[in-house]
Amino acid sequence: MTFASKKEADAYDKMLDMADVFADWLAHSSLSLDEAQAENLGLFLAEHKDIVQHILRTSSIPTVGYDSPASTTASTADVQSGPRHDGDAGKKKISAVKAA
């Protein structure tokens, strides 16, 4: 990949490092995941870390940013916007992301 700045490249490297840690943790868990599934899930969690953090803090899905696969991160305003009130929170499915 090509990045416009060193800051963007460093952020991407940090995300990949986090994905590796998630994948290792998942591979050694009691879940029945093969290596590719653990890597894909680890990458997905790392790409959406702000949303994961919001869910862990509030036990609710942010109103913006969680169901858009094209968006790899959500802004602080997105994850601090609070729980959904439209009744769809439990109906949305999260899809896996293929590792590059």
Side-chain angles (χ1 to χ4, degrees):
M1 293 187 95
T2 304
F3 297 97
S5 70
K6 183 178 179 343
K7 183 178 177 180
E8 287 178 4
D10 290 344
Y12 187 76
D13 286 342
K14 184 176 179 180
M15 188 271 305
L16 290 178
D17 290 341
M18 187 183 313
D20 285 340
V21 172
F22 274 130
D24 288 344
W25 175 61
L26 291 165
H28 292 95
S29 72
S30 61
L31 299 173
S32 298
L33 299 173
D34 63 32
E35 186 177 341
Q37 289 172 322
E39 288 176 3
N40 287 338
L41 186 53
L43 184 60
F44 180 84
L45 292 170
E47 288 176 336
H48 297 86
K49 73 177 180 90
D50 293 336
I51 295 168
V52 171
Q53 289 172 340
H54 175 82
I55 292 168
L56 291 172
R57 278 193 321 268
T58 66
S59 297
S60 66
I61 296 174
T63 57
V64 178
Y66 91 95
D67 60 353
S68 175
S71 171
T72 57
T73 59
S75 70
T76 304
D78 291 343
V79 296
Q80 292 178 349
S81 57
R84 294 180 71 110
H85 295 288
D86 60 6
D88 287 342
K91 296 179 185 176
K92 299 267 182 183
K93 299 286 183 186
I94 297 174
S95 60
V97 176
K98 287 190 174 186

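From Phe22, atom CZ reaches atom NZ of Lys49 across 9.5 Å, with rounding to the nearest 0.5 Å. Atom CG of Asp17 and atom NZ of Lys14 lie 9.5 Å apart (nearest 0.5 Å). Interatomic distance, Ile51 CD1 to Leu56 CG, rounded to the nearest 0.5 Å: 12.0 Å. With rounding to the nearest 0.5 Å, the separation of CD in Glu8 from OG1 in Thr2 is 11.0 Å.
Nearest heavy atom pair, residue Leu41 against residue Leu33, reads CD2-CD1, 4.4 Å. Shown here for Ala19 and Ala46, the closest heavy-atom pair between the two residues is N-CB, 3.6 Å. Contact record, Met15 with Leu43: SD-CD1, 3.8 Å, taken as the closest heavy-atom pair.
Between His54 and Ser60, the closest side-chain pair of non-hydrogen atoms falls below 4.5 Å. Between Leu26 and Glu39, the closest side-chain pair of non-hydrogen atoms is not below 4.5 Å. For the pair Asp50 and Gln53, the minimum side-chain heavy-atom distance is below 4.5 Å.
Between Asp10 and Lys6, at least one side-chain N (NZ, or NE/NH1/NH2) sits under 4.0 Å from a carboxylate O, which counts as a salt bridge.
Linking Ile, Leu, Val, Met, Phe, Trp and Tyr whenever their side-chain heavy atoms come within less than 4.5 Å leaves Val21 and Phe44 in two separate clusters.
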